[in-house]
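The structure under discussion appears below in the form of structure tokens.
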Amino acid sequence: MSAQTPHNVHASALAIGEAGVLVRGPSGAGKSALALAMIGAARQSGLFARLIGDDRVLLSVAHSRVIARPHPAIAGRIEKWGEGIVDVEHEAGAVLRCVIDLAASRAPDENHAPRMPFAHELNASIEGVDLPRLVLPAGGSSHEGARRALAFIAELAR
């Protein structure tokens, strides 16, 4: 992956303050719901918050930074549960500061994030660029997830 050849990933991306955030997870895990909840919660706190892309995001690496951009075919559109695909304001791109993964635990019958993550689980590597990583439960409460994600982003800014 390079700045000249963006890589398409199944994820949502948003800008919170000055932080680009990539939300990954399997289909139906709640990526769009978490992105919308984070945008709403950030705005209530007086922070800038806007969608970059939903479902398909273009990632490129330039100068050891990962840049997220919307896929042009669906830029400014997000799936809102119970309403379908809706139009929203969006940003043209942002430098990613962190990754949020919606994932099941190590136990295959439980659907929550690891209680005590291993050290290697605290970072995500995208084409050799390491980014801080937060793991949240797939299918969990988007409002609780947004609260935890915004606290994580605030901690990174310190």
Side-chain angles (χ1 to χ4, degrees), residues 1-39 41-42 47-79 85 88-106 108 111-140 142 145-158:
M1 181 180 348
S2 71
Q4 293 75 31
T5 56
H7 180 71
N8 184 34
V9 297
H10 178 75
S12 293
L14 55 152
I16 302 290
E18 295 180 12
V21 180
L22 186 69
V23 180
R24 306 185 299 186
S27 185
K31 296 179 294 296
S32 301
L34 178 61
L36 287 168
M38 288 174 64
I39 290 168
L47 294 172
F48 173 84
R50 195 170 284 167
L51 179 74
I52 294 170
D54 183 52
D55 193 47
R56 292 191 287 166
V57 177
L58 301 177
L59 300 181
S60 57
V61 176
H63 307 289
S64 300
R65 293 186 173 141
V66 182
I67 302 160
R69 292 185 176 87
H71 191 286
I74 55 175
R77 308 197 76 190
I78 190 167
E79 182 178 1
I85 306 296
V88 296
E89 289 183 309
H90 72 284
E91 283 297 294
V95 174
L96 292 182
R97 299 289 183 226
C98 64
V99 173
I100 298 173
D101 281 329
L102 299 178
S105 72
R106 292 181 199 92
N111 193 27
H112 58 75
R115 206 171 126 197
M116 298 193 56
F118 296 117
H120 72 275
E121 295 175 315
L122 299 176
N123 288 301
S125 182
I126 298 177
E127 291 297 315
V129 178
D130 288 334
L131 296 169
R133 176 181 183 240
L134 174 66
V135 179
L136 294 174
S142 56
R147 185 193 65 74
R148 290 182 57 198
L150 292 178
F152 176 70
I153 294 164
E155 188 63 32
L156 293 176
R158 292 179 190 197

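Quick caveat: nothing in here was measured; it's all calculated off a predicted structure.
- Taking the side-chain contact (heavy atoms from CB on, under 4.5 Å) definition, one finds that A13 meets it with L22, I52, V57, A68, sequence neighbours left out.
- The NE2 atom of H10 sits 5.5 Å away from atom CG of D55, with the distance rounded to the nearest 0.5 Å.
- The closest side-chain heavy-atom distance from L59 to E127 is not below 4.5 Å.
- Residues forming a salt bridge (Lys or Arg N to Asp or Glu O under 4.0 Å) with E18 (at least two apart in sequence, or on another chain): none.
- The CG atom of L34 sits 8.5 Å away from atom OG of S12, with the distance rounded to the nearest 0.5 Å.
- When atom types are taken as modelled, the side chain of H63 and the backbone of R65 share no donor-acceptor pair closer than 3.5 angstrom.
- Shown here for L150 and M38, the closest heavy-atom pair between the two residues is CD1-O, 4.1 Å.
- Counting all heavy atoms, side chain and backbone alike, E91 lies closest to A15 at CG-CB, 4.4 Å.
- Here A157 pairs with nothing under the side-chain contact (heavy atoms from CB on, under 4.5 Å) rule; sequence neighbours left out.
- Every salt bridge (Lys or Arg N to Asp or Glu O under 4.0 Å) that R147 has, sequence neighbours left out, goes to E144.
- Residue I126 comes nearest to V61 through the heavy atom pair O-CG2, 4.4 Å, listed as atom of the first residue, atom of the second, then distance.
- Under the rule for a side-chain contact (heavy atoms from CB on, under 4.5 Å), the partners of A49 that lie at least two apart in sequence or sit in another chain are I16, I39, A42, R43.
- Of the inter-residue distances, the one linking I153 atom CD1 with L134 atom CG reads 8.5 Å to the nearest 0.5 angstrom.
- With sequence neighbours excluded, no residue forms a side chain to side chain donor-acceptor pair (under 3.5 Å) with S142.
- Looking at residues two or more places apart in sequence or on another chain, you find a side-chain contact (heavy atoms from CB on, under 4.5 Å) between R77 and I85, D87.
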If you look only at distance, which donor and acceptor atoms sit under 3.5 Å apart when one is on a side chain in residues 95-103 and the other is two or more places apart or in another chain?
| unit_1 | atom_1 | unit_2 | atom_2 | d |
| --- | --- | --- | --- | --- |
| D101 | OD1 | R24 | NE | 2.7 |
| D101 | OD1 | R24 | NH2 | 3.3 |
| D101 | OD2 | R24 | NH2 | 2.8 |
| D101 | OD2 | R133 | NE | 2.5 |
| D101 | OD2 | R133 | NH2 | 3.1 |

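- Note: L51 CG to H90 NE2 = 8.0 Å, rounded to the nearest 0.5 Å.
- For E79, the salt bridge (Lys or Arg N to Asp or Glu O under 4.0 Å) test picks out no residue, with sequence neighbours left out.
- Of all non-hydrogen atoms in K31 and P26, the two that sit nearest each other are NZ-O, 3.0 Å.
- Here the closest heavy-atom approach between residue R148 and residue P137 is recorded as NH1-CD, 4.1 Å.
- Summarising the geometry, atom CG belonging to L14 is positioned 12.0 Å from atom CZ belonging to R50; distances are rounded to the nearest 0.5 Å.
- The OG atom of S64 lies 10.5 Å from the CG atom of D130; values are rounded to the nearest 0.5 Å.
- The minimum heavy-atom distance between A35 and I78, with the atom names listed, is CB-CD1, 4.4 Å.
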